[in-house]
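Take a look at the structure below.
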Amino acid sequence: MIEINHSCTCNGNPLVPQVCRITDIRSETGDVKTFRAQTLDGKRPFLPMPGQLGMWSMPGIGEAMFSITAFGEDWIESSIKSVGELTEAMHELSVGDFVGLRGPYGNGFPADALKGSDILFIGGGIGAAPVRSLIRWCALHREQYGRFDIVCGARTIDDVPFREDFFENWPSMDNTEVHITVDRKTDNWDGSVAFIPDYVETLALPPENRKVVMCGPSIMIRLTTERLAKLGFARGDIITSMETRMKCGIGKCGRCNIGSKYVCLDGPVFTLTELDELPAE
Amino acid sequence: MRLKKEDLNKILALLAKNRELFVPGQVRGIKQFKLWDGETPELDGENTVLPPKDILFPKTEKMYAYKTGTETEISEIVDAPERVIFGIRACDMHSIECMDSVFIREGYEDSFYARRRAKSLIVAVACPGAGVNCFCESMGLDPDAAPGADIFLSGGGEFYGVTANTEKGETELKKWTQYLTDGDVPKGEAHCSLAPAMSPELSEKLTGLFDDDEFWQEVTEPCLQCGTCSFVCPTCYCFDINQSSVGDEGVAFRCWDSCMFSDYNQNAGGHNTRPTKKQRLRNRYLHKLAYFNERHGMELCVGCGRCINKCPAHLDIAEFIDKAAEVCHD
Amino acid sequence: MSDIQSALHKRARALLENGDVEYVIGWENARGENKTRPAFIRRAEDAERLVWNRWCVNSTAKYLLHDRWPKGKIAICARGCDTRAINRMLSDGQVKRENIYILGIPCAGVENQICRRCAHRNPLVYDELLGEPAEEKTDFDRFEKVKEMQAMTLEQRRQMWEDEFTKCIRCYACRNVCPACNCRECYADQYRTGWQGKQFNAVENRVYGLTRAYHVGDRCIECGECERVCPMDLPIMLQTGRMLMECNELFGQYECGLSDDETPALGTYNLNDADSFG
C-alpha cells in the first residue's frame, strides 16, 4: 500500500499568475508541444514536486491546468496537447512570448514512499507527461529506487512524445528498461505492436516489491488495471493521476470535486484504492 | 445591555459613518441587501430574496488587470472597502461562517474574500418570524442567536438585547453607549415552519444512497437545471474564472457559477464529468448535506428556504431530507 | 376538476398497465399547501399520485426535451398552453409525434396571472380529451401589457429595461423552462465562442435578454412560464410580446403553436414579403 501525502504548496496570492517568458518550445508529436518558461528575471516560477500541476494562462484568452512535466534550476515545463481555445492559442506561441503561470497545485507523486521499490511506469499517449516528471525526479536519486520498467504506448511510433528521454536518456539509466509499444505498425517501426493492457500483461513483471505509476486515458487505466490484477498487483500499489476541469486550483471554485475530494487539492495523484472509495460520478 | 428599537436609526447613522452600510430593503421590488439610504430597514417579514453573500463574495469580482502587446503585465486588483452588514439573520450569519471555512480556514486563504471579510463588521438581528419554508433549527441553528456575528441584536419586544461576540464588535459597541441601557430582553419567539429530519447520522448515511439510481431519478426528474437555487442560496460559493479584454488590456474576473449548469463540468476536449441532471442535482444535494460535512464539520445548508421559495419546478430540499431519511433509516 | 382528475387516474393506470407508454408526465402534490410539481409516473400503482387542480401551474411540455430518445411512448398531461408548446417543438423538429401520447386537459385557468389572457383553454392536439371542453374566452386584449409599455416614453422604457436587466441574475430559468428555447446547445452555453460574457452586470444581462427575445420572439407560445419562474420578477413576456405584436401587425393574425408545421415569421423566406429584400 502506498502512502500518498494529500497536501500541496503554493506561493503568494494563489489566484494571480506571474508573468513568465517562454524560453523553449519543442514539438513532441503532431498535436503536443512542450513549453519551457521562466520568470522575467530569469528564475524558476515555482518549485514543483513531480506530478504537481501548474496553471498556464494567456492574458486575454484564458487559463488551464497542466501537469508540470519537468523543471530545472531556472525553468519549468509542461507538455500541452492542442484541444481547446487556450491550447490552440498556446501552440501559436513562439520563444520569447509571454504567458502567465501560477502554482504548484495538487499533491504530486509520493516520491518518498516509492523509495526502495521497483517501479513500473506506464504512460499512454500524453499521459506520459506526468509520468515523465516522476521518472526525472527518481533519476536524480537513482540509487534510492529499485528496477525501473518504463512503458510508453502511442498510436504510432511517430506519436511517441519525449523522444530524447524514451530513446536516449532513460534506456541508458542504470537498472532500467524502456518498453515502447504502438497501436499501429508503420514502416519505420519493427518493435511491439500492441495496446498497453495486452503489452503489460505479456511483460508479466512480478508484483513483489513493485509499484505501478500509470497515466493515460481512463479506458487504458481500467483495462490495464484488470491485467495487472491478473498478475497479482494490489490496487493500493497502483498510482494514477486524474485529469479534470479545474478553474481555481486551490479547492475553492468547486468544479473538480469527486465526492468530498477535490482533484486540484487532494489529487491529482491517487492510488486506485483511494479512487475506489470515491463516488463514481 | 439593551437598545430601544426606536433608536435603531441613530445606531445606523453611527454605523454608516465612513463606511458602506448594507441593510435589508426593497430594490426594484426585490427584497435584498442594499446601501442604507436613511430609511428604516426592512427587518421584519420574510427574509431577503437574495442572500447577503454578494457583499463578501461579489457576483463578479475583478481579480487582476493585464496588458498584453510588446510587454505583458499583470497586476492584482485590491478592492475591499470598509463595510457593515446590518440585519442579517441567524441562517445568513451561519452561511458566512460556511464561506469563512471555505475561503479562509481550509487550505489556502482566498485573498479576495479574506480582505473583504476583514473589513466587514456584521451586525445580526434575531429572526423576527420564520418564512413559509424555513428550517434553520433543523440545521442546528437558533433563530435568536448568531454567535458568529460581531454584534448580535437579540430578542423580541420593544428592545433588542445587545451582545458583542468579537473584539471588533466590542470596539464598535463603545460608540453605542449613549443608546444602551441595562436590562433584560425576553427570548425571541420565532420558530421555523418546517422541521425536516436532518441529523449528523443522516449526513453520514447520505453518501450510501449514491448508487440508488431509482431514488435519484425520482428526486431529480422535475429539475430544469437552471441556476436559481444556487444563486439564491446563501452558501453556494462555486465560481468561474474568465477574462474580458478590450484591445490589449483587460481584466480577469471570477463570477458566480452553478453546478447545475451544463457547461460547469465541461472539459476542453468535450468530455463532461456530470452530463445529466441526475448527476448534477445529486452532487448538489450531497455537497450541501454530506460532502461539505466531511471537510468542514458542518452542513452547507442553513435552512433559509430560499431555494424552496424560488425553484421553478417546486423542488424542495426539506422534502428531500425527509425522503432521504426515510430511505436511509429503512 | 375532480372529474378530470379521476379520468386521469383511470387512463394513466390503463396506459401503464397495458404497456402503451413508458411513463406519464403530469403533476403531483408537493409538500405544503397549494403546491404541485411535475410528476413522472412509471408504475400503474402510482397513477393515483397524479393530481389536476388550479395549483398545477408548471408547464409539462418542456420535459419532452429531457428525454429526446425515449425507450417507449411518453404520455403527457397537456392543457391548451402545453399543447401549443408541443406543437412548437413538433414544428421545430425537436420531438416526434409518434413518441408522445397526449392526455388533453381542458383548463379554465390555474393560479397564474397569464391565464387571464389565455385564448386557448382547450388542448389543440391530443390523443384523448379528459372531461368536457372548457369555455373559451375572448374578452381580453392579448397585447394589453405590451401596449402599456409602448405608451411609455422612449426614456421611460430605456430606464425601465435598464432597471430590469440590472435586477436579472442570469439563472437561465426562463430559458430552461421555455418550450421555444429548444436549441440543443444554447448560444449562452457555448463558452468557447465568448458570445455571452460571464460577467453578471446589466450589459451582459441585456445581451442575454435581448438575444433570447429575438431567438424566441417569433415562436413564443405565450405560456408565460418565463415570467412565472423568474426569481427576480422580470416582465420577460413584454419582450416576446413586443415581437409577437409586431409580427401580428406585419403578417396578420399571428399566434404560435396552433399547429405542428408552422414556420416562424423570421424563419420564413417569402418573395411576396411586404418589405423589399436588401
Side-chain angles (χ1 to χ4, degrees), chain B residues 27-30 32 49-50 54 58-60 62 132-133 193-194 196 214 217-218 221-232 240-245 251 253-258 260-264 266 268 276-277 306-316 318-320 322-323, chain C residues 23 25 27-33 35-42 46 55 57-60 62-63 65-67 160 162-164 166-167 169-178 184-186 188-192 194 196-201 203-204 225-226 228-234:
Chain B
V27 182
R28 301 175 191 99
I30 298 288
Q32 54 191 290
V49 171
L50 288 170
D54 191 34
K59 282 194 199 80
T60 307
K62 291 175 182 171
V132 287
N133 291 311
S193 318
L194 306 179
E214 203 179 322
Q217 178 175 38
E218 193 163 328
E221 203 150 22
C223 176
L224 289 163
Q225 301 166 87
C226 68
T228 304
C229 51
S230 309
F231 290 169
V232 301
D240 193 4
I241 296 175
N242 275 285
Q243 309 188 335
S244 166
S245 307
V251 288
F253 60 90
R254 69 172 173 196
C255 56
W256 290 3
D257 204 351
S258 169
M260 304 309 299
F261 290 153
S262 60
D263 61 347
Y264 180 80
Q266 192 77 46
T276 66
K277 64 179 167 182
R306 287 183 177 97
C307 57
I308 311 178
N309 295 342
K310 289 295 179 187
C311 175
H314 298 160
L315 287 176
D316 181 331
E319 204 178 334
F320 166 80
D322 282 336
K323 196 170 186 150
Chain C
Y23 58 98
I25 307 179
W27 304 269
E28 66 183 326
N29 283 322
R31 182 190 51 71
E33 285 169 32
K35 199 164 156 185
T36 72
R37 76 165 65 96
F40 302 81
I41 304 296
R42 291 187 154 71
D46 290 336
W55 308 106
V57 293
N58 295 67
S59 164
T60 51
K62 186 68 189 264
Y63 292 101
L65 295 187
H66 291 212
D67 191 5
M160 172 193 136
E162 179 72 20
D163 287 350
E164 295 298 341
T166 304
K167 228 161 66 170
I169 56 173
R170 265 203 353 269
C171 63
Y172 298 124
C174 50
R175 173 193 74 184
N176 289 16
V177 82
C178 175
R184 296 280 167 100
E185 188 181 14
C186 177
D189 288 341
Q190 292 172 333
Y191 65 97
R192 282 191 62 181
Q196 178 62 60
K198 288 267 192 175
Q199 301 96 317
F200 292 100
N201 56 35
V203 174
E204 291 301 339
E225 280 290 271
C226 50
R228 179 186 68 80
V229 302
C230 180
M232 296 293 111
D233 298 340
L234 266 67

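Proteins get letters first, then strands, A, B, ... in listed order; numbering begins at 1 in each. Bear in mind that the values here come from a model prediction, so they are computed numbers and not experimental data.
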Please state whether the side chain, the backbone, both or neither of B/Leu224 comes within less than 4.5 Å of a heavy atom of chain C. both
Contacting region of C/Ser59 [heavy-atom separation from chain B under 4.5 Å]: neither
State whether the side chain of C/Asn176 and the backbone N or O of B/Gln225 hold a donor-acceptor pair below 3.5 Å, judged by distance alone. yes
Taking all atoms of both residues into account, what is the closest heavy-atom pair of B/Lys310 and C/Pro231, and its distance? NZ-O, 3.3 Å
Using every non-hydrogen atom in the two residues, find where B/Glu221 and C/Phe40 come nearest and quote the distance to one decimal. OE1-CB, 3.2 Å
Check each atom of B/Asp316 against the heavy atoms of chain C and say whether the ones under 4.5 Å are side chain, backbone, both or neither. both
Would you confirm whether B/Thr228, through its side chain, and C/Cys171, through its main-chain N or O, come within 3.5 Å as a donor-acceptor pair? no
Atom group of B/Ile308 that falls short of 4.5 Å from chain C, counting heavy atoms: both
Check this for me, if you would: do C/Arg37 and B/Glu319 make a salt bridge, where the nitrogen-to-carboxylate-oxygen distance has to be below 4.0 angstrom? yes
Is the backbone N or O of B/Pro312 less than 3.5 Å from a side-chain atom of C/Arg228, with the two atoms forming a donor-acceptor pair by type? yes
Can a donor-acceptor pair be found, under 3.5 Å and without considering hydrogens, that links the side chain of C/Tyr172 to the backbone of B/Gly227? no
Angle class for the C/Phe200/B/Trp256 ring planes (parallel below 30°, perpendicular above 60°, tilted otherwise)? tilted
Between B/Arg28 and C/Met232, is a side-chain contact (heavy atoms from CB on, under 4.5 Å) present by the stated rule, with each step listed? CA-CA 9 Å; B/Arg28 301 175 191 99; C/Met232 296 293 111; over 6 Å; no
